[in-house]
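Scope of the values below: all heavy atoms of this structure, side chains included, with no hydrogens, waters or symmetry mates. Worth saying up front: this structure is predicted, and the values here are computed from it rather than measured.
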Amino acid sequence: MNDSSSRRAPARVVALWCPDWPAVAAATAAELPATVPVAVVSANRVVACSASARAAGVRRGLRRREAQARCPELHVARSDPDLEARTFEAVVAAIDAVAPGVEVLRPGLVVLAARGAVRWFGSEEAAAEALIDAVAATGVECQVGVADELSTAVLAARRNALVPTGRGAEFLAPLPVSYLAVEPALAAPRRADTVDLLRRLGIRTIGAFAALSPIDVASRFDADVVAAHRSARGLPERPPSGRPIPPDLTVEQPCDPPVERVDAAAFAGRALAELLHTRLAAAGVACTRLLVTARTGAGEELARTWRCAEPLTPEGTADRVRWQLDGWLTGRNTNRPTAGIVLLRLEPVEVVAAGALQLGLWGGVGDEDERARRALVRVQGLLGGDAVRIGVLGGGRGPTERIVLVPVGDEAIPHSDPDAPWPGRLPPPAPALVLHTPPAIRLDDDVGNPVSVTERGLLSGAPARLRWGSRSWTVIGWAGPWPVDEYWWDPAAARCAARLQVLLEESRALLVFFGADGWRVEGVYD
């Protein structure tokens, strides 16, 4: 068999995206007509809005009061993930009736294999039209995208495009690099920071990002950025040889008496989620695609698959089970069960190595985390309550004041809000090593004169040489300075200084700080 005959055609993916789904769900719950502007808020900021609201000037990120000022007739609703999932079940059921095998990425976005739908309807265009009509029958608008890879299909759905086979990278190339983080169901939460870094590096389009060397990307960034780079190049996001699923991972729970209320179903789902993750941890794997199945007393069997960008945590699994059961029991779908649920089953359809979960020391799913906590509590009992501390990210302008140490067992709350605006904050990336006792250094220009920071926040000269103790290095580049003028209302804590990033020979990079006593090293970059 030659190479050409052994190659397989890519498995095409169909994505269906319902724009502004949180706003659509809120309008449906309030029984509002489509013309009424709707905004959904969380933490007093707009997280989603309808097209009519956008036409009136409402945008995501606006404060509630400003949004209402721009659009006085705006209907404001609080973010409700349970409502969004429950309402979306009717849409998923309509799609599943036309093309079985739907996978829910999040409320408002589903994907399915194109092969079956194309065989039935004759072409991708006909299948897309049939799916749009099925969703429209529920009173909801949607857009369809078809491509070789899942992430490309999702981005194509945002442009209502059918990407030809093998043209995924060409379709993605002119799109803004911000599209890599526009869909939370496909990106880790930190993806937005990566996009911001790429933009500051001058990379504006996905094509420019795809042109980077895979070796350079893998050596400088984490696994999520590597996955984004593969997506930008139109390559499969996951390896073709998936990890085999260990046996006996499926968990199920008989319900006696049958479950008919959402609160009872959510309780059963949470207990089952904990049992599932106990088995996953014992097998050393984490779930990225979950099949939720329910059997009713009338013999009906309901099933729905949820796909996630990152491995599921116990809380994430419990949320999806609760959303799904809520949609089945109280939704407006035509497949609403006629009897109570007598059996609930969770089956991991796709798993990855547990290391891919990448959670913190106590955010994992295995027994190792609990043993580590018990060991630290024991040490804390021997040395005192304040002797064992963990780091919490807080607010501030420099890396030192952003690290807040709290005793183990206390609530991990920083002294100041890290998401609040901090004018003059040091731009990322942060130093790998922060020196709590900064050593003194000297910066000289090319003629040996000391470099300082003027009252206008500018350097008095171009740094050419850095002296640290008995050693010195040539300065080949710098960024800044970033002036710091803090606590001017408190004479005891007032500080007027500046930070500077310097790049030395041998690829050494330092964060230096200029204050009343001259230059000091505050951090070292890896």
Side-chain angles (χ1 to χ4, degrees), residues 25 28-29 31 78-97 100-104 106-107 110 138 245-283 285-308 312-351 365-367 370:
T28 302
E31 299 182 350
R78 292 188 178 275
S79 178
D80 188 349
D82 292 351
L83 170 66
E84 296 166 16
R86 180 171 64 250
T87 309
F88 191 58
E89 175 57 26
V91 178
V92 180
I95 298 172
D96 196 57
V102 177
E103 296 183 11
V104 183
R106 61 166 176 83
V110 301
T138 66
I245 300 179
D248 301 328
L249 289 185
T250 301
V251 295
E252 61 182 33
Q253 177 178 330
C255 302
D256 188 14
V259 173
E260 297 181 350
R261 301 194 323 272
V262 175
D263 55 349
F267 181 80
R270 178 167 292 278
L272 205 56
E274 293 290 344
L275 177 59
L276 171 65
H277 280 269
T278 299
R279 293 193 179 182
L280 292 173
V285 296
C287 179
T288 55
R289 197 152 47 128
L290 177 70
L291 176 63
V292 182
T293 306
R295 184 182 304 162
T296 70
E300 302 161 317
E301 186 155 326
L302 309 173
R304 187 73 70 227
T305 301
W306 287 80
R307 178 189 285 265
C308 303
L312 284 167
T313 62
E315 294 76 14
T317 301
D319 285 342
R320 283 157 179 80
V321 174
R322 185 181 74 252
W323 295 342
Q324 192 58 62
L325 294 177
D326 195 1
W328 281 332
L329 294 175
T330 64
R332 300 181 180 180
N333 61 85
T334 56
N335 293 332
R336 184 171 177 176
T338 58
I341 295 176
V342 297
L343 180 69
L344 182 62
R345 182 188 303 115
L346 301 182
E347 179 182 351
V349 179
E350 186 177 75
V351 296
V365 297
D367 295 336
E370 185 60 28

Check side-chain contact (heavy atoms from CB on, under 4.5 Å) between Ala303 and all other residues, then give those that pass, not counting sequence neighbours.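 Listed in chain order: Leu291, Thr293.
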Only counting residues at least two apart or in another chain, list the ones meeting side-chain contact (heavy atoms from CB on, under 4.5 Å) with Pro81.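 Counting only residues at least two positions away or on another chain, Pro81 forms a side-chain contact (heavy atoms from CB on, under 4.5 Å) with Ser79, Trp323.
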Please round to the nearest 0.5 Å and tell me the distance separating atom [atom1] of [X] and atom [atom2] of [Y].
{"X": "Leu83", "Y": "Thr28", "atom1": "CG", "atom2": "OG1", "result": "8.0 Å"}
{"X": "Leu329", "Y": "Glu260", "atom1": "CG", "atom2": "CD", "result": "8.5 Å"}
{"X": "Leu275", "Y": "Thr317", "atom1": "CG", "atom2": "OG1", "result": "11.5 Å"}
{"X": "Leu346", "Y": "Arg279", "atom1": "CG", "atom2": "CZ", "result": "10.5 Å"}

Heavy atoms only: give me the nearest [X]-[Y] pair and the separation to one decimal.
{"X": "Arg106", "Y": "Phe88", "answer": "O-CE2, 3.9 Å"}
{"X": "Gly297", "Y": "Ala339", "answer": "N-CB, 4.0 Å"}
{"X": "Ala273", "Y": "Ala318", "answer": "CB-N, 3.9 Å"}
{"X": "Ala25", "Y": "Glu84", "answer": "CB-CA, 4.0 Å"}
{"X": "Thr138", "Y": "Ala94", "answer": "CG2-CB, 3.7 Å"}
{"X": "Leu280", "Y": "Cys287", "answer": "CD1-CB, 3.9 Å"}

If we only count heavy atoms from C-beta on, is the [X] to [Y] side-chain gap below 4.5 Å?
{"X": "Asp256", "Y": "Val342", "value": "no"}
{"X": "Val91", "Y": "Val110", "value": "no"}
{"X": "Val351", "Y": "Thr288", "value": "no"}

For [X], which residues count as a salt bridge (Lys or Arg N to Asp or Glu O under 4.0 Å) partner, sequence neighbours excluded?
{"X": "Glu252", "result": "Arg345"}
{"X": "Arg261", "result": "Asp263"}
{"X": "Arg270", "result": "none"}
{"X": "Glu347", "result": "none"}

Qualifying salt bridge (Lys or Arg N to Asp or Glu O under 4.0 Å) pairs, either residue in residues 313-322, two or more places apart: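 Listed by first then second residue: Asp82-Arg322, Asp319-Arg322.
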Who passes side-chain hydrogen bond (donor to acceptor under 3.5 Å, both in side chains) against [X], sequence neighbours left out?
{"X": "Arg295", "result": "none"}
{"X": "Thr296", "result": "Glu300"}
{"X": "Gln324", "result": "Glu89, Trp306"}

Pair Cys255, Leu343 - check side-chain contact (heavy atoms from CB on, under 4.5 Å), show working. CA-CA 6 Å; Cys255 302; Leu343 180 69; over 6 Å; no
Have a look at Leu344 and tell me which of Val251, Leu272, Val259 forms a side chain to side chain contact (heavy atoms under 4.5 Å, CB included) with it.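 So, applying the side chain to side chain contact (heavy atoms under 4.5 Å, CB included) to Leu344 and each of Val251, Leu272, Val259, only Leu272 qualifies.
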Hey, which of Val349, Thr305, Leu276 is the one that makes side chain to side chain contact (heavy atoms under 4.5 Å, CB included) with Leu290?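 Among the candidates, only Leu276 passes.
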